[in-house]
Every structure is written in C-alpha cells, then in structure tokens.
Amino acid sequence: MQQVDAASDAVMLADLVDVLIPSGDGWPSAAIVGVQGQLATRLIAEQGEAALPGLLKALRAAGAPFAGQADKQRDAIVSALERSEPELFAWVRDAVFIAYYESPFVAAAINAKGHPYKLRPHLTGYAVPRFDRTKDVPAQKRGHYVPTDQVRHVDISSLELESRVTTTWGRQR
Amino acid sequence: MKQNEACDILIIGAGATGSLAATVLAKAGLDVVCLEQGGWVEREDHPHYSNDWTWQRRTNWNADINKRHHPDDYKVVSDSSQVLMWNGVGGSTNVYGAIWPRYRPSDFRKGDEHGLQPNWPISYEELAPFYEAADRLVGVSGLEGDPAMPPREPCPTGPLPFTKAAATLAGAFDKLGWHWWPAEAGTISEDYDGRPACNGCGICNGCPRGSMSKYSLSVWPKALSAGTKLRTHARVLKIEKGRDGRATGALYQDRNTGIVEFQPATIVIVAANGVGTPRLLLASDNLANQSDQVGRNLLHHTLVSSEMWVDEQIDGHMGYVASLISREFAETDISRGFVNGFNFNCLTSTSSAGEVAAGWISDRRAPWGEGHHRWFERHFGHGIGIHAIGDDLPNPNNRVFLDPVVTDTNGMPVARMHYEPGENDRRMMNYMLDRLEDIAKAAGAFDYRLQDYKDENGVYRTPAWHMIGTCRMGDDPETSVVNKWQQSWDVPNLFIVDGSVLATGGVVNPTPTISALALRAAAYIRDHFQELKGSTKSVAA
C-alpha cells in the first residue's frame, strides 16, 4: 500500500515540476530531466523530513493530483498552491528553476539557442577576447578627484539632516 | 589547560590581513604563531567543479553564515544585515569577488569636509605605497591613468577582458556624460606569481584556481615559507591581560582535541574581521575599550542595485564578474541633498542560467508555466548587473555587541549586530536608485529592475560584505580604539589589522585598503619590535 502511495506522490511531484517548466521549442520539460528527484532531496536537506509530506499535503489541498486534468486545470492547481502557501511555493519554484538548469540536457538546449554555456565553466573557462589597448582604453577623459590638500569645508546647514526626515525611501516612494 | 611556548607575535585570524601581517613579520625573522578557528579550504572543496554549484552557493557555500551550516562558524544574530564572511584560512577571500578599487584622498578627510565623520589619522598619500605593495603581493589587474583617481603604478597585470557588457555600459555612460573606467580586480589577467590567469569562467565567488586572489593560495604560501606557525581549528576564546596593562596572550580551544591551550606572546595582533574582532575584545573582559567604541559605528556602505536586460546578445555569463567602475558621483556635492558620494560597481551577469531564471541580484525572475522558456530566451545572455555603493555615516548605535544571556558551544557570548541606515544614507540611496534607472534607460534596456534590499517589513537587509568601522582608528583615544599604527590606545602590545579599524567606509570595496593598512601596521611592528616588547603606553597620534 505504501509503495502505491509513494509512486503516486512521485508522480504528483513530477507533474508539479512539469507545470512549472513544461517542454517546448527544443526545451525538455522539468520532469523529463529529473528535476522532481532533486527537488525532493533538496527539500528534505534544507527544510527537514516533514517538508516533503508537507508539500504533498499542500498540493492535495490545492487540488492535486494532476493526472487526468486539462492544462488549464493543472495550472489552476499550481496557482492555488502559490496563493495558499506563498513562502513554500517560492522556495519550490526557485529550487525547480535551479535544478532544471543544472541538467546537461538543458545546457545543450541553451547551446542550441546560440549561447556558449557550460555547466562547469571553471574547468576550462570561456574564450573571452583579451583587453585590446588599441581600442578598449577609454577615449573619454571624464572624472576628477579632490586631492588631500584641496579638501574644503562644505556648509551642510541647508541639508537639514537633523530636522528633515526621509520617511519613504527605496523602490516604493 | 596546556601552556604553550611563548612567541614573538600571535596573530588571531588567518584571513586576508592575518596572512599579510604574518608574511611581513615572519620574513623579518620574528617567531609568528597564527591561530585560525577554521581549516584550509582546498581547491576541491569549492563547489566550482560540480554541476550544482549554483545550488551550493545558495546553501552550504552561502556567504551568509546564517544560511549555511558549517562547524567552523560562530553564531552571529543580526536583526538586519546578512552576515557575509568565511571562517577559515584565507577568510572571506574564499568566497569574495575581489573587485579592487582604492579609497580616494577625500575619504580620509571627511572631518574637514563636513564633520559628520572623523578624519583619518593618516592620509591617502601615507597609504599609497602600501596599496602598491599589496597589489604586487596579491596580484591585481587593471588599467592605469583613471582621471578620477590619483596617479598610480601600473597594475602587476593588465586589464581583464573588455566584455560586451562593459561596452554596452560604456555607451550608456557616454550618453549620460558620466565617468567610467575598466574595473580593477584582485584577479590576474596573465599568469603571475605561479598562479594561472583568469579563464573567464565567471563564477567569481571565490576562485579555487587562484586566478582571483584567494589569500590561502596567494599570500599564505609566503607566510608559511617564512616560518609562520599556523594552527588551524584553534578557536580563540579570550585575550588575557597582565597587571602591567599588556596583553599576555590568548586562550584558545583546539577544536580537534577539545583541549584549551594558552599561547603567550610579546605582541598580539587581532585579525578577525569587523564582527569577530569586537566580539573577541568585548568577550575578553571589555579589552581595549576605555573609549566605549569597540563594536560601535558599524559600517556596511549604502548599497542598492539594479539588473537590466538589453536587446544585444552580450553573454554576460562569460568573463570576470566586474566590468566597469563609474566614479562620477564619488565626491560630495550637497546639491544632491546629502553628503558623501558613491560609485557604480558595474558587473557582467551571473554565470548561472539557473540564477537568471530564479533571480539574481533583483527579484526579477522567469515566470512558471507556459511563458517560462520565452522569458528565458529573451533574458539569458542579455542581462547586466550594477551595484551602487556609497559612504554611509557612522552611528554609534549601529554596532556589534554581545548577547547578555546566550552563549555558543564554546561558552562565548553570541555576537549580535544591529544596523539601520540614517537620514543621509536614505537620501543617498534614493538618489542612487534614480541614477541606476538613468543608466538602464541610457542603455536602451527593454527590461530593468531595481533592488533596495528592503524586506516586506521595510527593514534594510543589506548583503553586508563590508563589515567595517567597529574598532576605528583615530587620533583621539576618546573616540577611537586604535591609533594611526592600529595599536590599541589602552593595550600597547595589542594591534588590530582587519577592516574594523576603517574610520570611514569610502565608496568602494574595502579589501585593497584593509590589505594596505595591514601591511603598513605590520611594517611598523617589525620596525619597532624592540620598543614594543616592553612598552606600557601606546604612541600618541
């Protein structure tokens, strides 16, 4: 009985990663390259033994299993998981994306799209043209610095740093 | 407790500055012992050789000690900052990016300029020869002649490749009329000092080849061949002080045997970084802290970032991680609404396709589902990252301190950190974000995303590579921890050579400056060792 459940769980996870990254235009799907196995292993390693059953439970609550569902409904299940468990979903999504692009089959697909991409570039590096002093030296001569003996006092009273408070800062202003 | 034979020089910490000090002092014939709580990081230990290196640098190779689980680390609890460091031989150079700009002369004179920061007790000119010496020792690449910096000697190796990302950005800066210059790097463009030239792999998160200066490969061999005795897995618990006010040595635990040992020394040098050093001093019965400045004035730099994507295929995953530096806004101009300046550290892109999809330095990521591949094909090979990094003002409440209750497995109080940007810093970061937007538009980016490092509750959670200022140098014992030779005001045979001594943060990555300062302090100790052997008073400013 347990084996049947385990198989169903594995299929459910495979279906999940395939909804996140389906196949298309030369790209293999996530399940085809085995992302679900990496996802399960890493989920347990980073978040503990209970994390995988927790994900499967959350998936079921969101409408899984996926088997027999139309594409639109499969997407709806994942959207429901995203809404109900945003933190868990974000972790799973990023883990799936990273595992997918660690696959040699996916690296081959990247190469086929015209990019020289290596999974382990450190071994042999990339061929990048050397700096060419005949054309790469900046032609512009902008820029200045204040030498030590020319540092002058600036009057900062107009800044009102003590009295004016910037309450909104960052991207949202 | 085991009592060891006394040495001339005890160095606590085998990171960048510990290795430099050891090299100088052992070469002078002094008996040098260095204690390091971590171990060696061998080439094969690095994740660079595995398909899953992207995942590893998010987990067990994460630079944030709170996101990995490593026995060499000690506990640091921060209510804001990400705590980025590596504990082991070579320290954080095992995981850094080695962007290699220098401070500028005005960075040393902020007291004169506006008075919201102290002057340094030394000038740029006093440090300049040590910048050159550090560059030769460490191995650096770059292009001389930048009009935005004082003249300097040519770098030991020429500039790294001028990538397509660099060319794209140079065009944008030209359109804006702003300064740019090829980035200087602690990465060699040609074979140098027995190490191979950069092969452009782009991972640049430490470099087990040693092309990027990992100090365990570039400096430690020199220190060891000069006779330094390096003891790894030796966690220092306390620096002891005698009745005469001098440090007598350090208590440490051999983590392999569990035995506590005492290492007596004539001179004690602390090189444990901007968190580890104040932690150790505070845990050593508040050593060297009559000023109450130990741990205070923690600086991280103001830091905001952007990612942009351009139509041209630039394949920024290839080549060294930094492309250009722009010093257009490096000096104070109060018409901008704040004091101090900032630089743009222009990058190439991440060398990981997975990070392009899952998000790199911004939260822009590929969608899941049907549109995933379309988004990836549009963005991969078209991205460029930029960090804007500025000079934050000191605040005594931004600090490293000890938890009054919680201790770690060695019985040492847990280090805590608090950091919050001030009014001037917030204004600067708003300005920086606006200028990052200008660059994206000038580059003709079809997509861009800004990063302010604020979490959902508005807390600024800077990826704080730069943990500096917590034992700052100065010319007044009331407001600083060490004098201009990095000698404790209170304990005359105690020196601090790590980044905690920086009086201001400048607008740049600090490792070149920290390295130059360490060489300068070590040369002072070497040249004055006989006087320092018996002195009970530190030299005046």
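In what follows, chains carry the letters A, B, and so on, assigned in the order in which the sequence lines appear, proteins first and then strands, with residues in each chain numbered from 1. Basis for what follows: all heavy atoms, side chains included, without hydrogens, waters or symmetry-related copies.
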Problem - Those residues of residues 74-103 of chain A, ordered by number, that approach chain B below 4.5 Å (heavy atom to heavy atom) - result: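 Residues of residues 74-103 of chain A touching chain B at under 4.5 Å: Asp75(A), Val78(A), Ser79(A), Glu82(A), Phe89(A), Trp91(A), Arg93(A), Asp94(A), Ala95(A), Phe97(A), Ile98(A), Tyr100(A), Tyr101(A), Glu102(A).
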Any side-chain heavy atom of [X] within less than 4.5 Å of one from [Y]?
X         : Y         : answer
Arg173(A) : Asp452(B) : no
Glu331(B) : His144(A) : yes
His115(A) : Met318(B) : no
Glu377(B) : Asp25(A)  : yes

Practice task
Can you tell which part of Ser351(B) gets under 4.5 Å to a heavy atom of chain A, answering side chain, backbone, both or neither?
Solution key: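 Contact with chain A involves the backbone of Ser351(B) alone.
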Handout entry: Atom pair CH2/CZ of Trp178(B) and Arg142(A) - distance to nearest 0.5 Å
Key =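 With rounding to 0.5 Å, CH2 (Trp178(B)) is 11.0 Å from CZ (Arg142(A)).
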Handout entry: Spatial distance of atom CG (Asp425(B)) from atom CH2 (Trp169(A)) [nearest 0.5 Å]
Key =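 One gets 9.0 Å once the value is rounded to the nearest 0.5 Å.
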Problem - Donor-acceptor contact below 3.5 Å, side chain Arg120(A) vs main chain Tyr49(B) - result: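 Checked: pair present.
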Exercise for the section: Say whether, by atom type as modelled, one donor and one acceptor occur between the side chain of Arg426(B) and the main chain of Thr166(A) under 3.5 angstrom. Expected result: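 Yes, the answer is positive, given that a donor and an acceptor are paired below the 3.5 Å cut-off.
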Handout entry: Most contacts with chain A, counted as non-hydrogen pairs under 4.5 angstrom, among Ser326(B), Ala366(B), Cys198(B)
Key =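 It is Ala366(B).
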Exercise for the section: With a 4.5 angstrom heavy-atom cut-off, could you sort out which part of Val154(A) is near chain B: side chain, backbone, both or neither? Expected result: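 Backbone plus side chain of Val154(A), per the 4.5 Å heavy-atom cut-off to chain B.
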